[in-house]
Undergrad: 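Here it is, the structure in full.
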Protein chains: 2
Amino acid sequence: MANSVSGDSVVDRVVRVIAAFPEGVSVLRLTELAERAELPLTTAHRLVRQLAEHGLLEISAGGSVRLGLHLWELVVRNSPTLALRQAAMPFMEDIQHVLNQNVNLAVLDGWEALFVERLSRRGSVANRAQIAGRLAVHVSSAGLALMSQQPRSRQGEYLAQFTDPAGKVSTEVLRSLLGEAAHQGYAQLAGVIDPDTWGIAVPVLDSKKRAVAALGVVVPLQEVRLQALVPALQTAARGIGRRLGESQSSADFRSMESL
Amino acid sequence: MANSVSGDSVVDRVVRVIAAFPEGVSVLRLTELAERAELPLTTAHRLVRQLAEHGLLEISAGGSVRLGLHLWELVVRNSPTLALRQAAMPFMEDIQHVLNQNVNLAVLDGWEALFVERLSRRGSVANRAQIAGRLAVHVSSAGLALMSQQPRSRQGEYLAQFTDPAGKVSTEVLRSLLGEAAHQGYAQLAGVIDPDTWGIAVPVLDSKKRAVAALGVVVPLQEVRLQALVPALQTAARGIGRRLGESQSSADFRSMESL
DNA sequence: CCTCCGCTTCCGTTCAATGGTAGGAATCGT
DNA sequence: ACGATTCCTACCATTGAACGGAAGCGGAGG
């Protein structure tokens, strides 16, 4: 079935190699990498070496493998969410400084919210490590805010395939949550991850009124300024949307600007 | 000379495709991508489609190509500098809050300093966009701090190949700059990028006394608290080095922590 | 000294990769 | 309104790059 007995293309294998690293693990031994990528050791070795020659991977002494600096550089400099993050950062900083709460920015990917940027509460030891984290739509205010703005058809697909692995949320409850979020213009969810917190998120709409992201905060349960909080988020979201429209083709001022 | 007339392997081509995006540009039309990657249009098309199937690239309506969210996610979650950034962030935040200046963290890659993280001065509109930026060793305090701690042989290679394209810095001057930096334990450089600023950086040493990074700040020229500034940086750098040692194998507490 | 384990090199076989040609689809200029 | 142009997509015969088992190498451990 192939040059390879397994029938997958070179591209498939390259992808499996660079996707073989488990979350948060940045270094693997070749043998382990081969196992995870389900490749014969010889083949893994060859691919790794080739990729390393281009700086997409790095081979440290002893043969252990990690992602290459060059890959990181390429991806960060051209990341698909670059424009979004640039537009959002000032507003996120504002919110962080005014409210002193965790602020986050997420996009919808499949049936999950993918967190693209995040600012921690000042003073909290929390790092920005888990940007690039994911949460299912139904357990994140960001996810709900995003899904609630999707076209009917998309929401239909989502609800149709939905089953809560934890068995806590019924499709009906979810449907009404989405309806409520769409109607109110924001989504809130009591501490799914941390039981003592609220998550609150509003959609960020681009110039064509499509929800491209969700802007959210996490606040303690006893926080009662919700009335003030939501408008603040919505204002910021509108600001982000506006800047997104402007910066369509202005990815050209490069300038290393005062390092 | 090949299956491909150009004689390069599939891996080579895949790399060229994802490296084809110019800095800061996140979307390319297929034709342009093919040109930049120096691939026949047909081949580029096939590769792009294959990569897109795995989420490493995305094809938006109309055929324009961008890096995929999945790739971004993979790289950010397993980036080779993850541990370094995690260890450094709290200290960088401290410095930022105390000094209210731009703080940056760089590693040495080739003969350049690659900026891995950066915090902007509060209130400045500056975004964190150009993390992943590069500066030549001889024009950045971070680069000098890093190079000054490299083994003699490495410094030798560097100086041997060095020529300043701008013709402003002679190899001799550079050599003495490095010597001075090594002796003092920090490097400073008057505004190479912004003429009204100083760059000051100290090396971050790991448990084996190897310089794995440089921690730096950018301050206005008239700033005179240098005496206080350097010790602050050095203290932070030592702290980072210590945490780096600890977190060798503790990349396991994942926990989505209060989003 | 021998064994084990993991990384690396070698090399004959084979089918996946290649890319020119041609067919759509959309945009532009007049 | 309608050719001209541009760009993306699909097809398919040719061929050398990818494959991976076998064997070599080197160090850690007993």
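Fair warning: this is a prediction, and the values are worked out from it, not measured in the lab. Keep in mind that the numbers below use all heavy atoms, side chains included, and drop hydrogens, waters and symmetry copies.
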Undergrad: Indicate yes or no for a side-chain donor-acceptor contact from B:Arg77 to the backbone of A:Ala132 under 3.5 Å, with no hydrogens or angles considered.
TA: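 It does hold such a pair.
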Undergrad: Return the value, rounded to whole Å, for the distance between atom CG of B:Asp8 and atom P of C:dA17.
TA: 14 Å
Undergrad: On the nucleotide D:dC19, are OP1 or OP2 found under 4.0 Å from the side-chain N or O atoms that A:Arg13 carries?
TA: yes
Undergrad: Rounded to the nearest Å, what distance is computed from the CG atom of residue B:Asp12 to the P atom of nucleotide C:dT18?
TA: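 Those two atoms, CG and P, are 11 Å apart.
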Undergrad: Go through D:dA18, C:dG6, C:dA17 for me and flag the one nearest to the A:Ser9 side chain.
TA: C:dA17
Undergrad: Applying side chain to side chain contact (heavy atoms under 4.5 Å, CB included), can you list everything that pairs with A:Val212, at least two apart in sequence or on another chain?
TA: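 Applying side chain to side chain contact (heavy atoms under 4.5 Å, CB included) to A:Val212 gives A:Val204, A:Asp206, A:Leu244.
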Undergrad: What residues form a side chain to side chain contact (heavy atoms under 4.5 Å, CB included) with A:Thr81, not counting sequence neighbours?
TA: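 Expected list: A:Ser79, A:Arg85, A:Val116, B:Leu69, B:Trp72.
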Undergrad: Figure out the CG/C1' separation between B:Leu39 and C:dT18, and round it to whole Å.
TA: 11 Å
Undergrad: Are any side-chain N or O atoms of A:Gln155 and backbone N or O atoms of A:Ser148, one a donor and one an acceptor, separated by less than 3.5 Å?
TA: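 Looks like yes, one N/O pair under 3.5 Å.
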Undergrad: Which listed nucleotide (C:dT8, D:dT9, C:dA17) is nearest to the side chain of B:Leu41?
TA: D:dT9
Undergrad: For DNA chain C, which residues of residues 42-57 of chain A approach it to below 4.0 angstrom with any heavy atom?
TA: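 By residue number: A:Thr42, A:His45.
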Undergrad: Starting at CD of B:Glu32 and ending at C1' of D:dC7, how long is that distance when rounded to a whole Å?
TA: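 Checked: the CD to C1' distance equals 12 Å.
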Undergrad: Take atom CG of A:Leu30 and atom P of D:dG20, then tell me their distance rounded to the nearest Å.
TA: 14 Å
Undergrad: Quick one: does B:Gln150's side chain have a donor or acceptor within less than 3.5 Å of a partner on B:Met147's backbone?
TA: no
Undergrad: Taking CZ from A:Arg29 and C1' from C:dC4, how many angstroms apart are they, rounded to a whole number?
TA: 14 Å
Undergrad: Between B:Phe21 and B:Arg36, does the side chain to side chain contact (heavy atoms under 4.5 Å, CB included) criterion hold? Intermediate values first, please.
TA: CA-CA 8 Å; B:Phe21 294 83; B:Arg36 290 186 173 280; over 6 Å; no
